[in-house]
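A short worksheet on the structure shown next.
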Amino acid sequence: MSATAWAWLVLLFPLLGSIAIALGYRALPAKAAGIIGTLSIGLAFACGVAATISLLGDEPHSRHHASSLWDYASVAGLDIKLGIFVDPLSLFMVLVVTGVSTLIHLYSYGYMQSDEGYHRFFSYLNFFVFSMLLLVLAGNFVLLIVGWAFVGFASYALISFWYRRETATKAGMKAFVINVVGDIGLVLAAFLIFREVGAFDYGTVFERAPEVFTTNEWTITAICLLLLVGAFAKSAQLPLHTWLPDAMEGPTPVSSLIHAATMVTAGVYLIARTHVLFELAPTAADVAAFTGLATLLVAGTMALVMTDLKRAIAYSTMSQIGYMIMGVSIGAYSAGMFHLMTHAFFKALLFMAAGSIIAAMANDQNIDRMSGFGKAMRFTSITFVCGALALAAFPSTSGFFSKDEILAFAEARGGMYVIFTVLGYVGALLTAVYAFRLVFRVLPGRPCAEAQELIDTGHVAHEAPKNPATGEPEDTDVGFPGAEHHIAEQNWPMRAAMGVLAVLALVGGLVQVPDVDHVITNFLHPVFEASIFEHIHPSPRAEWIGLGIGGAISLLGIGIAYYFYVARAELPRRLEARLRPLHTLFVNKWYFDELIDFLVVRPALATGRFADRVFERFVVDGLVTGTAETVRGAGGVVRAVQSGFVRSYALLLFAGFAGLALYFLLAS
Amino acid sequence: MEEVLFFGSAIGALGGAVGVIALRNPFYSVLALIVHLFSLAALFLLLTSAFVAAAQVVVYAGAVMVLYVFVVAYVGGGGESAWEPIPGQRFLAPLLGIALFVELSVAVLSSSLLALGTDGPDVEAGFGDPAAIGTLMLEKFLLPFEASSLLLLLAAVGAIVLAHRRREANA
Amino acid sequence: MSIEWYIVLSALLFSTGAVGILIRRSPLVILLCLELMLNAGNLALVAFSRMVGNEEGQVFAVIVMVVAACEVVVGLGLIVAIFRRRLPLNVDDLRELRG
Amino acid sequence: MNFNEPTIDYAGISPLIALTVGLCVVLLSAVFKPFKRSAPLLTMITLAAAAGLLIWHWDDPKTLITGALRLDDLAISISLISILTAAFCVLFSLRERATEEAGSGEYHALLLGSVLGMVLLAQATNLVTFFVALEILSIPLYILCAANLRREGSLESGLKYLIVGSIGSATLLYGMAFLYGGSGSTGFGGIADGIAREGLDGDPLILVGIAMVTVGLAFKVSIAPFHQWTPDVYQGAPTPITGFMAVATKAAAFAVFLRFFDVALGSQLDVWQPALAALAAISIVVGNVGALGQDSLKRLMGWSGVAQAGYMLGGVVVVSEAGTSSLVFYLAAYAFMNLAAFAVIVARERETIFGDDIRAVRGLGAERPLLAWPLTISMLALAGLPATAGFIGKLYLIEALVEGDYTWLGVMIAIGTMISLAYYLRVVAAMWMRPEGESAPGATPAIAGASPEADPVDPEAGRRWYLVGPALLASAATVFFGVIPQPLVEWASHAGAALFG
Amino acid sequence: MSSALLWAPLAFGLVGLFLPRRAVGPWAVLGTLATLGLAIAIVVGFDSGSSGLQFVVDEPWISGLGVDYSLGVDGLNLFLLLLTAVLWVGGVAFAALREQERPKTFYFLMLVAETATLGAFLAQDLLLFVLFFDLMLVPFYFLFGAWGHDRSGEGGLTASAATLKMIVYTLIGSLLMLVAAIATAILAADGGNITFSIAELAREPLGEGSQRWIFWFFAAAFLVKMPAFLLHGWMPDAYRAAPLPVLVVFSGVLAKVGAYGFLRVVLPVFPDATVEFQEVILLIALASILYGSAMAFTQTNVRLIAGYSSVAQLGFITAGIFALRADGADGAILQSVNHGLVVAPILIIVALLLERTGSEDIREMGGLALRAPVLAALFLIVALATLALPGSANFVGEFYILNGLFQEKIVFAFVAITGVAMSAYYALRMYQQTMHNRAPEGLMSREIGARDGLVLVPLVLCIIGLSLYPQLILERTAPTVEKTVAKVHRDEAPESKLVRK
């Protein structure tokens with residue numbers, strides 16, 4: 001069976017799963033939904049593997065296949081088929097997505113058990129996976145946009161999964177609208193591409209692009225910038241990132257799947273996928289790279305001060321994606337994708353661990369209230385630490401190799417790109433610090449009430465949960481985890497998922513060790529062989545030096561974290577007091593929300609209100625009533641003349657007579 | 001001589017007319033109209049239309065005016081108040097009158113029709129005498145003539161409808 | 001005596017009649033004024049008939065007299081009817097219908 | 001002294017004879033007790049006979065009695081419209097108060113007289129006939145308007161009509177005098193020749209003559225600014241008569257309008273065309289604007305009549321076959337639309353205490369669908385909405401106008417129609433929709449209903465065959481000719497051909 | 001075939017008048033279903049390859065005036081006909097599930113409306129088109145007025161006032177269009193014999209000068225009907241007054257007739273004027289998009305949200321047409337169908353919400369999804385289609401439109417696309433506020449009933465099906481559109497860009 005056939009199956013299973021669960025929302029027992037959901041993704045993963053194998057079967061040069069089912073909308077010179085494009089890159093994404101998703105489904109199977117909306121959840125989740133796969137497998141820009149929007153919708157649906165929470169619905173709306181802005185960017189890019197190249201499908205576009213465009217001509221730059229709008233919106237890069245932290249309103253598995261492992265990395269994939277165009281528009285590429293850099297630093301600072309566990313991790317996600325964007329835009333494609341993969345492992349893991357802690361805290365996500373879970377939840381803590389280590393790029397962990405490869409490449413490209421290496425390491429320091437800040441604030445220390453209860457009784461029971469944001473009581477009937485929580489330890493599916501990921505987080509990096517093996521690079525090579533950066537290869541020496549520095553920095557970071565949060569726990573307060581303005585800036589997320597609110601939201605609403613209150617009433621309606629009034633007024637005059645005096649009638653008659661006669665006299 | 005006659009009767013006609021509209025008491029107005037009619041008849045004679053003149057005297061001054069007098073006597077022609085309820089009427093009415101007069105005369109005087117300036121062609125003796133008129137009426141204008149008789153009938157019926165004293169039966 | 005004189009005179013009479021209708025309120029007098037206007041027409045007709053030298057105008061005039069008579073008859077009939085209904089014999093007071 | 005009697009084509013004048021005889025018979029029937037109630041029947045027979053005789057002459061035009069009359073398809077079609085209207089009027093007049101007041105015989109005799117006048121007028125081809133016919137048409141109407149002697153409004157309308165009408169005739173006469181003077185002839189054809197012979201093209205004498213004739217005719221068809229009598233008289237007159245006047249008078253007057261201006265004054269075209277166009281525009285505006293917010297339905301019809309006259313005058317303005325045909329078509333359509341409406345008004349006037357006030361038709365849709373539908377259709381048709389004869393009529397008129405380079409007048413018609421929707425649909429709304437904010441029915445009776453001389457209420461009037469029947473018939477015709485207009489178009493085009501063919 | 005399709009609803013309506021009250025509803029549904037059957041038959045029998053007219057009927061109707069009864073189907077109207085048939089089934093069926101007062105009249109009018117609308121789409125004779133275009137309004141005038149809601153209590157208008165406003169406002173356009181149509185025919189004929197056949201008129205266009213003013217007369221009619229920005233004054237009141245089942249078809253179909261008119265009449269017959277005024281119309285379209293969206297997200301009444309979003313959507317459609325490129329026009333037609341398919345379910349859902357919450361104000365709703373998951377799901381799908389989520393047919397429509405605009409007038413495209421973002425906000429907001437968040441105190445929601453589901457689900461299935469295979473419409477539309485757009489000589493094949501390189 002050909003790779004494309006397998007690829008179609010990859011798409012098919014999640015879709016079927018989603019539909020089946022949705023239609024059977026009354027018939028199916030809860031567990032069944034979970035099982036179907038998990039299985040369908042598992043099958044998708046299997047098919048993905050099969051596709052990969054059959055792809056590896058054929059010549060490196062011919063490792064790309066397009067296949068289409070039917071004409072989707074092909075008239076008037078536009079040619080849009082329902083087609084997919086299978087090559088190592090897309091399959092790499094397929095594997096990462098389906099693989100991680102399977103584990104997260106498994107995790108959710110346990111985690112969401114006490115949730116009323118169980119069917120809905122799995123239906124949405126499957127739909128998300130389908131959309132994500134559509135995104136990565138799409139064979140032309142239009143279908144890419146479709147997948148792009150579908151994941152956006154799925155993310156919306158899952159963010160506002162607990163839809164009775166005002167905070168959740170608001171967050172969902174925010175995420176959706178910002179993502180639509182991204183879509184628009186893509187759509188305009190597509191138009192421009194069509195205008196210049198006359199086609200939408202990858203094959204034609206990438207083939208013709210070099211002869212159609214001259215490097216850095218404005219059109220290609222415009223195209224790439226528009227693509228970037230889409231990428232940034234999806235991957236939460238500055239300044240379109242504000243939706244991501246709010247998205248943490250959704251159930252934790254969602255955060256771990258969509259907002260850590262898969263969807264948010266779509267931007268990275270997009271740039272890698274369209275690298276042909278970006279290499280024609282270096283300016284745009286640099287813009288992307290610098291944005292990535294900025295994001296990774298800014299996000300890092302925010303992650304440092306957040307007291308909300310999930311939000312903190314979310315910011316770290318932003319910053320990690322910053323690395324990837326940076327990587328793929330400076331040409332370190334395989335490195336970027338590599339980091340994408342490792343990040344998927346450890347970030348998903350971190351969220352899962354955080355999830356089980358938060359569950360134990362009855363959805364209180366405030367780390368100030370957490371402590372002593374090390375004893376209370378041993379398994380969770382271990383996995384959490386694994387994740388943290390990988391994130392902090394602790395030597396030999398997955399993050400260690402992937403992050404470093406990017407920086408090494410930047411260094412190898414030389415010139416101004418060295419900046420990326422330098423600041424990249426600064427970011428790395430930040431990362432290590434905030435990662436272990438979390439670890440040290442949550443795990444060690446005197447157990448807090450919940451932790452204690454857990455230690456004593458082996459389970460926790462709470463009064464009706466409250467929305468931490470608004471403090472209003474949650475109504476559990478819409479599907480909010482009830483008073484009875486599922487703690488990771490006590491639930492094998494969750495353990496399994498976390499265990500596997502923990503291992504991957506630790507050893508996942510070994511697939512790509514300088515000088516030793518280059519599994520990913522080799523696998524992706526056919527995609528990028530035409531790239532102009534293909535010749536750039538950091539020397540093994542440089543790489544090992546880089547690794548050395550990286551390891552040192554991460555250890556340093558961990559050390560700092562220990563010093564601040566364990567050894568001298570009162571220091572942070574003092575520091576805050578010292579650097580008050582900086583701290584407030586970070587805590588308020590650099591005021592991005594306020595900025596956008598001021599620049600976009602308010603004006604829009606103001607216009608709307610003006611239109612409604614003033615324009616509609618006075619101009620539009622005035623147009624109608626005005627005319628009506630004039631006519632009616634004329635009527636009044638005519639009827640006033642109709643006085644009922646026969647003599648005045650006669651008068652008018654004679655007047656008319658005189659007038660008429662006068663006209664005729666003049667005409668004579 | 002003709003001038004004298006013309007102006008005499010013209011003044012009579014005009015005077016009569018003015019009398020009609022100026023005199024407060026309807027009864028006097030009627031009398032004024034009679035004067036007017038007679039002088040008009042004279043003018044007709046000047047225009048060598050004997051039959052019309054005769055008809056004028058007989059029909060109008062005879063029949064119609066008598067009818068008038070009766071009615072006035074019946075309803076009692078009280079004078080009317082000088083108060084003018086319609087704004088501008090008293091001011092506009094004469095104005096319009098003058099305007100009409102001017103326009104009509106201009107139309108006549110500025111006409112390029114030469115015959116207007118003449119006394120008209122000299123006509124043979126029979127012109128406008130009953131015989132001639134009668135012939136026309138029975139030949140060319142037979143239908144209008146008959147029709148007008150029908151009109152008289154209808155008018156009579158109308159008068160009955162309007163003026164007959166209704167028996168209270170069907171009221 | 002040229003025809004113009006007659007026509008101008010008739011025009012004068014016509015206007016007089018018109019003015020009369022405009023300023024008088026008694027229906028009786030208004031009827032009289034209508035007579036004036038018709039007679040002005042007659043005078044014009046007869047004068048013209050003299051001018052063009054055929055009697056058609058005169059015949060017309062005679063018929064107009066008949067018509068005038070009929071109008072008078074009907075008008076007087078109306079006046080009588082109104083009088084019988086005990087309504088004021090003043091056209092200004094007959095304005096129930098207006099607007 | 002000898003005179004050679006004119007050759008008289010008795011066949012040709014047979015319709016006139018029929019009407020005359022019928023008139024006399026009806027009049028006599030009033031005198032003999034046994035026939036007291038037979039007047040309506042006799043009238044109907046007379047009308048039928050006349051109509052038959054007219055149709056008999058369809059399509060063979062001839063000049064009658066030494067050029068006094070011209071019996072052609074224009075005359076015939078117009079006469080038929082008048083006769084049809086009269087027939088409806090007879091039905092409406094059954095059980096009508098005015099009929100009893102005036103005495104059935106006299107009433108119908110006068111009606112027939114008026115019809116006779118119209119038939120004459122439609123055929124008239126010389127000034128004298130023209131004038132006499134006009135008077136025969138008008139004088140009975142003066143009387144009929146006042147026929148409901150108990151009601152002040154009726155008398156008032158009669159007197160107003162008489163006074164203003166006589167001014168109109170006097171003016172008309174004076175204008176005729178001028179034209180006679182200028183051309184030395186009283187025949188339409190003669191006038192045209194005379195003007196040419198004397199070389200009086202554009203001579204003030206002639207033109208002012210035309211002006212005065214225009215005033216006289218415009219008054220008859222109630223063109224603004226000579227329209228003011230219309231609403232008052234329409235409202236005051238007995239409703240059947242109003243219906244009759246509204247349609248028949250217009251038809252006849254327009255017939256002579258066409259004939260006189262196109263035959264006698266065709267040469268002065270370029271002078272009077274713009275004037276008439278202007279008048280048309282004025283009355284379109286004035287009529288429609290005046291009708292807004294009228295509560296009395298008859299009055300409303302009066303104002304709308306002014307506007308409609310404006311539309312129709314367009315047919316005269318463009319001196320063309322199409323113009324004539326369209327005008328005739330519109331008149332026919334107009335007859336159906338109006339008669340349907342008046343049938344309903346008569347019925348409601350008799351069965352409610354509101355007289356002809358709009359409140360009389362409120363809730364009609366639920367109460368009397370058989371009346372509501374005709375009135376609705378007629379209103380929609382008058383408003384020129386599609387699938388009604390009214391739409392086709394407007395289409396026809398506008399097409400003629402555009403062909404005659406009077407597109408702007410066509411646009412005026414369109415604009416007028418828009419305004420007119422406001423009041424036509426108000427009536428429809430009253431019938432079908434929940435009453436607007438104003439006082440609920442029965443709160444205060446209408447002016448007409450309230451006055452002591454109110455006619456007795458006949459709660460069954462809404463079911464009488466002689467009211468419902470005509471209403472349905474007329475509205476059915478309105479729709480029929482809206483959907484299948486071809487026959488009527490053919491018919492009208494004959495009329496057009498009569499003048500220009 | 002075309003004739004059958006055209007008259008079927010009317011026939012059923014007439015029969016319905018003579019059925020017992022209870023049977024009318026089902027009978028009407030049957031009628032609409034039969035019509036739908038015919039429409040489907042036409043779509044099936046349609047030869048997607050050809051660009052010419054099919055199922056042609058061409059009989060002389062009023063030969064005197066050059067008006068023919070000529071119908072035909074081609075790519076432009078094929079799916080609009082189908083849409084009409086579908087939505088009418090939806091609207092009538094939904095109405096039939098509820099108690100209607102005066103059911104006979106109600107369903108009769110509904111079916112008349114369907115015939116009129118189908119007529120407007122089918123007509124290939126300019127005057128026939130105008131006729132049906134005007135006729136469409138009449139039944140809706142009654143339906144809104146007599147079965148509508150009185151809003152005078154809440155600072156709005158009474159039903160009759162609102163509907164009067166609507167009809168007068170919209171007829172202003174159509175009446176001018178009547179004049180314009182006639183002028184077109186006569187000028188085109190000049191002297192020769194008149195024809196209104198659109199194909200004939202398109203053969204050789206009029207002179208620049210006359211095209212200019214005639215173009216605007218037509219444009220006015222279409223823009224008002226849509227309604228476009230500044231001319232939408234009638235819309236809010238009408239939408240608030242309308243009974244929902246009627247609004248379903250009204251807002252679903254009638255607006256499209258305007259857009260269709262541009263394609264059917266304006267582009268082919270007035271090509272030069274079209275090119276000349278392209279920018280002006282595009283500006284109006286943009287204004288509609290932005291203003292409609294801006295209004296839509298300030299409104300809290302669900303009807304008005306739907307109404308203003310329609311303004312925006314029609315803006316898109318107009319923009320697509322006046323891109324004067326094949327792709328734009330293709331998108332416009334596709335989008336017309338899509339919009340019809342989404343706005344109808346939305347309004348049906350509004351009706352259901354009204355029955356559950358007793359309010360149409362989204363501020364007074366919330367949390368309904370809890371008890372009505374299915375209803376919520378359906379609503380969600382519709383909402384997503386409304387905001388043209390990529391993957392929906394609406395997206396394809398907008399994509400084509402905007403692509404056409406982009407290639408033709410890049411700046412306009414950039415402005416227009418902001419409308420997409422806004423639509424995302426207001427559509428989602430409408431869904432969230434009603435289905436999500438906390439329910440107000442004492443608000444008891446309930447699941448959608450099976451029979452209502454029977455009405456709603458098929459519509460939603462149509463949306464989904466079309467989303468999966470929009471090519472269905474596009475490939476049948478394309479050939480005719482190509483031809484139509486070619487008429488304005490602006491059609492560049494997209495590849496031509498490549499030649500430059």
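Only a predicted model underlies this, so the values are computations on that prediction, with no experimental measurement involved. Letters go in sequence order (proteins before strands), and every chain restarts at 1.
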Hey, what do you get for [atom1] ([X]) to [atom2] ([Y]), rounding to the nearest 0.5 Å?
X: E:Leu131; Y: D:Ile392; atom1: CG; atom2: CD1; result: 6.5 Å
X: E:Leu164; Y: D:Met433; atom1: CG; atom2: CE; result: 8.5 Å
X: E:Leu176; Y: D:Ile415; atom1: CG; atom2: CD1; result: 6.5 Å
X: E:Leu187; Y: D:Thr407; atom1: CG; atom2: OG1; result: 7.0 Å
X: D:Leu421; Y: E:Leu137; atom1: CG; atom2: CG; result: 10.0 Å
X: E:Leu171; Y: D:Thr417; atom1: CG; atom2: OG1; result: 9.5 Å

Show me the donor-acceptor pairs, under 3.5 Å and distance only, between side chains in residues 487-501 of chain D and residues at least two apart or in other chains.
| from | atom 1 | to | atom 2 | distance (Å) |
| --- | --- | --- | --- | --- |
| D:Glu490 | OE2 | D:Gln486 | NE2 | 3.0 |
| D:Ser493 | OG | D:Val489 | O | 3.3 |
| D:Ser493 | OG | D:Glu490 | O | 2.4 |
| D:His494 | ND1 | D:Glu490 | O | 3.3 |
| D:His494 | NE2 | D:Asp59 | OD2 | 3.3 |

Residues of residues 60-67 of chain E with any heavy atom under 4.5 Å of a heavy atom in chain D |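 Checking residues 60-67 of chain E against chain D gives E:Trp61, E:Ile62, E:Ser63, E:Gly64, E:Leu65, E:Val67.
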Validation row: E:Ile182, D:Leu401 side chains within 4.5 angstrom (heavy atoms) |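 Contact flag for E:Ile182/D:Leu401 side chains = no.
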Heavy-atom pair with the smallest gap, counting every atom of E:Asp134 and D:Pro386 |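 Scanning both residues completely, I find the closest heavy atoms to be CB-CG, 3.3 Å.
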Against chain E, label [X] side chain, backbone, both or neither, depending on which of its atoms sit under 4.5 Å from a heavy atom there.
X: D:Thr388; result: neither
X: D:Leu380; result: side chain
X: D:Trp408; result: neither
X: D:Tyr396; result: both

At a 4.5 Å cut-off on heavy atoms, which part of [X] comes close to chain D: side chain, backbone, both, or neither?
X: E:Val138; value: side chain
X: E:Tyr141; value: both
X: E:Leu157; value: neither
X: E:Leu135; value: both
X: E:Ser174; value: neither

Verify the neighbour count for atom CZ of E:Arg98: are there more than 12 heavy atoms of other residues, nucleotides or ligands below 6.0 Å?
->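 Buried by this count: over 12 neighbours within 6.0 Å.
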Between D:Lys394, D:Met418, D:Glu403, which residue shows the highest count of heavy-atom pairs closer than 4.5 Å to chain E?
->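 Most heavy-atom pairs under 4.5 Å with chain E: D:Met418.
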